[in-house]
Amino acid sequence: MQRISADKWYEVRRLADDVTAIGEPYIQEFYRCNIWHVRGRDRDMLVDSGMGVVSLREWVPVVTERDLIAVASHTHFDHIGCHHEFECRAVHAAEADLLANPTRQNTLADPYVTDEIFDALPPEPYCSACYAVKRAPATRILQDGDVIDLGDRVFEVIHTPGHSPGGIALWEARTATLFSGDILYDGPLIEDTYHANAQDYVASMERLLRLPVRIVHGGHFPSFDGARYRQLIRAWLEGKGRIVPPA
Ligand SMILES: [Zn+2]
Ligand SMILES: [Zn+2]
């Protein structure tokens with residue numbers, strides 16, 4: 001398979017509200033994590049850091065422009081690969097051990113990471129069989145209700161277990177923006193990982209439905225608006241046989 005040079009690995013798109021989307025276009029869409037950079041007055045926030053097969057710090061200048069807190073929406077391999085490159089790392093308490101002691105199994109690299117998830121391979125010396133996430137012990141442990149303060153903007157941590165035990169969403173009330181991680185995005189959701197929990201998943205979805213969200217930046221697939229958000233959650237809950245009260 002063709003190899004892509006490091007300078008072409010990432011794709012960077014500036015969106016509204018000082019949000020920048022960083023992607024890894026040569027990973028197939030289903031496996032490709034969205035990396036989000038949010039500019040704040042005093043510091044920036046990174047939500048997830050991709051597979052870690054090419055250095056973010058070296059090839060994506062926006063992540064080094066100022067102080068930055070690298071938050072993990074959760075600790076699957078596709079979301080935390082470059083966390084070790086950042087000094088300030090935050091994760092929910094329930095997955096702190098995972099970020100500190102990642103293995104191919106507990107990050108799901110095994111069984112997901114094979115050459116088949118790529119349209120073109122990362123540069124040498126990348127090899128799918130030897131791929132592993134580097135350890136990146138958290139410097140800040142998050143709990144539900146904690147706040148990530150960027151100076152002029154604040155994001156509330158919403159614990160959303162279900163897809164994984166320490167999944168979080170980040171909610172900015174002022175702009176009604178939600179970074180949802182893998183609990184909800186506009187594509188096939190994963191409910192059967194080794195540490196998934198069906199009951200927690202339902203409770204997280206019911207809680208998310210009560211948020212007055214206008215824009216959602218998920219862990220995978222394109223961003224969407226509040227109408228789509230409510231439609232996706234309602235359809236999902238109805239699929240689980242839950243009765244969803246009208247809006
Ligand atoms: Zn995940
Ligand atoms: Zn994911």
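Owing to the predicted nature of the structure, the values given are computational and were not obtained by experimental measurement. Whatever order the structure lists ligands and atoms in, that order sets their numbers, starting from 1.
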Quiz item: Pairs in or reaching into residues 179-188: which pass side chain to side chain donor-acceptor pair (under 3.5 Å), with residues at least two apart or in two chains?
Solution: His74-Asp182, His79-Asp182, His163-Asp182, Asp182-His220, Asp186-Arg228
Quiz item: the Zn ion (ligand 1): which protein N, O or S atoms are under 2.8 Å away?
Solution: His74 NE2, His76 ND1, His163 NE2, Asp182 OD2
Quiz item: Closest heavy-atom contact between Met51 and Tyr126?
Solution: CE-OH, 4.2 Å
Quiz item: CZ of Arg13: more than 12 outside heavy atoms within 6.0 angstrom?
Solution: no
Self-check item: Residues that Pro165 engages under side-chain contact (heavy atoms from CB on, under 4.5 Å), provided they are two or more places apart
Solution: Ala94, Glu95, His195
Practice problem: List in chain and number order the residues that pass side-chain contact (heavy atoms from CB on, under 4.5 Å) with Glu124, two or more places apart in sequence or in another chain; answer none if no residue qualifies. | Solution: Arg3
Practice problem: Name the orientation class of the two ring planes belonging to His92 and His159 (parallel below 30°, tilted from 30 to 60°, perpendicular beyond 60°). | Solution: parallel
